[in-house]
Amino acid sequence: RVHGGFREHAWWFEGVISLRRLALAVVTSFLPVGSLLLAPLVGLVALAALLAHTAVVPFRTRVVHLLEYVALGALSVSALLLSAVVASTEQQSESATRAARGVFVSLNVLVLLAFI
């Protein structure tokens, strides 16, 4: 059963997750590398997914909810950081860019560790 981990009222939420994955695939595939639109659009997809998750509360277990919130929050923050780095790379010092990249990588490693 595809919807086995969802609450009865949210059996359809796997479709929302699939749409999120499709939107991220489309955005990251069709925009050129270094595009100023890439990070804001990824952030918009993440924010929409976070709002949908908050409104529906689709999963049966609390742990899965927490992991989904952490993952979507990390994606949102990562998109913001990436947007700031891409938009102002020329104005920032090399050390500020390295620091932003370090925060980006650290945040995503923490999310990965939360899933293990």
Side-chain angles (χ1 to χ4, degrees):
R1 272 171 57 149
V2 174
H3 54 82
F6 296 101
R7 294 181 180 191
E8 291 299 321
H9 74 278
W11 58 267
W12 49 269
F13 204 78
E14 183 65 37
V16 173
I17 293 172
S18 295
L19 284 175
R20 178 186 79 207
R21 291 176 182 159
L22 178 65
L24 288 173
V26 167
V27 166
T28 57
S29 297
F30 291 111
L31 288 176
V33 174
S35 171
L36 293 178
L37 291 176
L38 183 62
L41 287 176
V42 168
L44 185 63
V45 170
L47 180 62
L50 194 57
L51 290 174
H53 179 79
T54 301
V56 177
V57 189
F59 298 111
R60 289 184 192 265
T61 63
R62 187 175 173 95
V63 172
V64 177
H65 282 293
L66 180 62
L67 289 173
E68 186 73 4
Y69 278 127
V70 168
L72 290 172
L75 179 60
S76 299
V77 171
S78 296
L80 278 172
L81 282 172
L82 184 60
S83 181
V85 168
V86 168
S88 61
T89 299
E90 296 171 1
Q91 299 171 358
Q92 288 181 343
S93 69
E94 184 64 27
S95 61
T97 302
R98 278 193 207 135
R101 288 180 182 156
V103 170
F104 175 79
V105 169
S106 300
L107 179 65
N108 285 287
V109 167
L110 288 173
V111 169
L112 179 65
L113 291 174
F115 280 99
I116 294 177

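Along the sequence shown, residues carry numbers from 1.
Annotation: side chain of Val45 is not in contact with side chain of Leu41 (no heavy-atom distance under 4.5 Å). Using a 4.5 Å heavy-atom threshold, the side chains of His9 and Val56 count as touching.
Taken to the nearest 0.5 Å, the CG atom of Leu75 stands 10.0 Å off from the CG atom of Leu80. Atom CG in Leu47 sits 9.5 Å away from atom OG1 in Thr54 (nearest 0.5 Å).
Within the structure, every pair that satisfies the ring-ring contact (aromatic ring centres under 6.0 Å, His included) test and touches residues 37-63, not counting sequence neighbours, is listed here: Phe6-Phe59, His53-Phe59, His53-His65, His53-Tyr69, Phe59-His65. The salt bridge (Lys or Arg N to Asp or Glu O under 4.0 Å) pairs that include a residue from residues 30-53 number zero, where partners must be two or more places apart or lie in different chains. The salt bridge (Lys or Arg N to Asp or Glu O under 4.0 Å) pairs that include a residue from residues 61-85 are Arg20-Glu68, where partners are two or more places apart or lie in different chains.
Hydrophobic cluster membership for Leu19: none, as no Ile, Leu, Val, Met, Phe, Trp or Tyr side chain comes under 4.5 Å of it.
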Donor-acceptor pairs under 3.5 Å, side chain of residues 24-32 to any protein atom, not counting sequence neighbours: which ones?
residue	atom	partner	partner atom	Å
Thr28	OG1	Leu24	O	2.7
Thr28	OG1	Ala25	O	3.4
Ser29	OG	Ala25	O	2.6

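Under the side-chain hydrogen bond (donor to acceptor under 3.5 Å, both in side chains) criterion, Ser76 pairs with no residue, sequence neighbours left out. Qualifying side-chain contact (heavy atoms from CB on, under 4.5 Å) partners for Ala74, counting only residues two or more places apart in sequence or in other chains: Leu107, Val111. Remark: Ala52 engages Phe13, Val16 in a side-chain contact (heavy atoms from CB on, under 4.5 Å) (not counting sequence neighbours). Taking Ala79 as the reference, Val42 meet the side-chain contact (heavy atoms from CB on, under 4.5 Å) condition, with sequence neighbours excluded.
Leu110 is not connected to Leu66 by any chain of hydrophobic side-chain contacts under 4.5 Å among Ile, Leu, Val, Met, Phe, Trp and Tyr, and they are in different clusters.
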